[in-house]
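Values below: every heavy atom of this structure, side chains too, minus hydrogens, waters and symmetry copies. Remember, it's 1-based here, ligands and their atoms both numbered in the order they're listed.
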Amino acid sequence: MQGNPEAGALAVTQRILVTGGAGFLGSHLCERLLEAGHDVLCADNYFTGRRANIAHLLPNPRFEPIRHDITFPLYVEVDEIYNLACPASPIHYQFDPVQTTKTSVIGAINMLGLAKRTHARILQASTSEIYGDPEVHPQVETYVGHVNTLGPRACYDEGKRCAETLFMDYRRQHGMAVKIARIFNTYGPRMLPNDGRVVSNFIVQALRGEDITLYGDGSQTRSFCYVDDLIEGLVRLMATPAETTGPINLGNPHEITVRELAERIIAATGSRSALVFHPLPADDPTRRRPDITRARSELGWEPKTALEEGLARTIAYFRG
Ligand SMILES: NC(=O)c1ccc[n+]([C@@H]2O[C@H](COP(=O)([O-])OP(=O)(O)OC[C@H]3O[C@@H](n4cnc5c(N)ncnc54)[C@H](O)[C@@H]3O)[C@@H](O)[C@H]2O)c1
């Protein structure tokens, strides 16, 4: 059955499913889609998502949350699917690695099946982790990656890689409109305070006046994209013509060392925290920076929010 017979023709309200919609990125995406006047169905099993993230959306009659684990099929009628469900921080995805792989792989199969049945467009929230510990810098979409299949991060990296394979195979086999976004480190309000992600960890440690934990000597680099910019990229990718599948890198090409990030957060919070150094965890990539040439040319997209501004908003959230 067709999702919405008028979809596309009149650019009318779309019925949009966001899996992982109660999570950090998902809740911002739901908000953005509701602001654009769409009907939003938010499916989440609340593993790392929180009802508090979407509580402010509940009064909106266009918003409908459903408790659902995407490793099981979901039967709804939709025009678009953003598949974001998957724990994203190492602490959470390594907590139950088998479930992590199931969420990426079986979840993708279920959501692709739903998209096939409803003729919906479907976007996969993939990740820079599919590049593994990259030997190519900055990472371009044509780089096929350097991933350890056996390590503790593999449940996430390989699950996401397999999901990309499934998306492209559904495209080739069934001619579906699929989109793959390779998301690089993103930060902002509603990150969980203790999930080991570097920005939230440092901010919480700085606000509490605790030591800030750096792994290795802190010289590994990351690039941080503010959540609003990332969401804009996802929405633009979904709006591209059916032939545009990606993958497209979405992230901030401005690279800084983890140590510099810690120092900036200490300065921005006015904290007296000291830096302490711990051994590097297994398979932790040493450098990570997206090449966003494709996003610039195909989506007219690039991040707009400066790190200072994004950090200030995120710090204000965590103070609250
Ligand atoms: N935030 C980043 O920097 C980043 C970077 C790369 C990729 N991503 C991807 O973006 C997506 C969202 O990440 P996030 O940062 O918002 O993480 P998050 O953990 O806050 O959100 C993930 C959401 O998915 C839900 N979920 C997990 N397993 C599920 C399942 N089996 N069924 C239904 N819901 C399930 C969680 O409860 C949570 O609400 C993830 O797919 C992640 O891999 C995020």
- Task: For Arg51, check salt bridge (Lys or Arg N to Asp or Glu O under 4.0 Å) against everything at least two apart and list the hits.
- Result: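 With neighbours one apart ignored, the set is empty.
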- Task: Sorted by first residue and then second, give each ring-ring contact (aromatic ring centres under 6.0 Å, His included) pair with at least one member in residues 51-75; sequence neighbours left out.
- Result: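 Pairs touching residues 51-75 that pass the test: none.
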Show the atom names and distances, to 0.1 Å, of all donor-acceptor pairs under 3.5 Å that link a side chain in residues 310-320 to residues at least two apart or in another chain.
from   : atom 1 : to     : atom 2 : distance (Å)
Arg313 : NH1    : Asp228 : OD2    : 3.4
Arg313 : NH2    : Glu309 : OE2    : 2.4
Thr314 : OG1    : Gly310 : O      : 2.6
Tyr317 : OH     : Arg50  : NH2    : 3.2

- Query: Between the side chains of Thr245 and Arg171, is a donor N or O closer than 3.5 angstrom to an acceptor N or O?
  - Reply: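 On atom types as modelled, these side chains do not qualify, holding no pair under 3.5 Å.
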- For ligand 1, what is the set of protein residues having any non-hydrogen atom at a distance below 4.0 Å?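 Those residues closer than 4.0 Å to ligand 1 by some heavy atom are Gly20, Ala22, Gly23, Phe24, Leu25, Asp44, Asn45, Tyr46, Phe47, Thr48, Gly49, His68, Asp69, Ile70, Leu84, Ala85, Cys86, Pro87, Ala88, Gln99, Thr103, Ala125, Ser126, Thr127, Tyr156, Lys160, Ile183, Phe184, Asn185, Thr186, Arg197.
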- Parallel under 30°, tilted from 30 to 60°, perpendicular over 60°: which one fits the rings of Tyr215 and His278?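 Tyr215 and His278: perpendicular rings.
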- Item | Flag side-chain contact, heavy atom, 4.5 Å: Phe47 against Asp69 |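 The answer is no, as the side chains (C-beta and beyond) never meet within the 4.5 Å cut-off.
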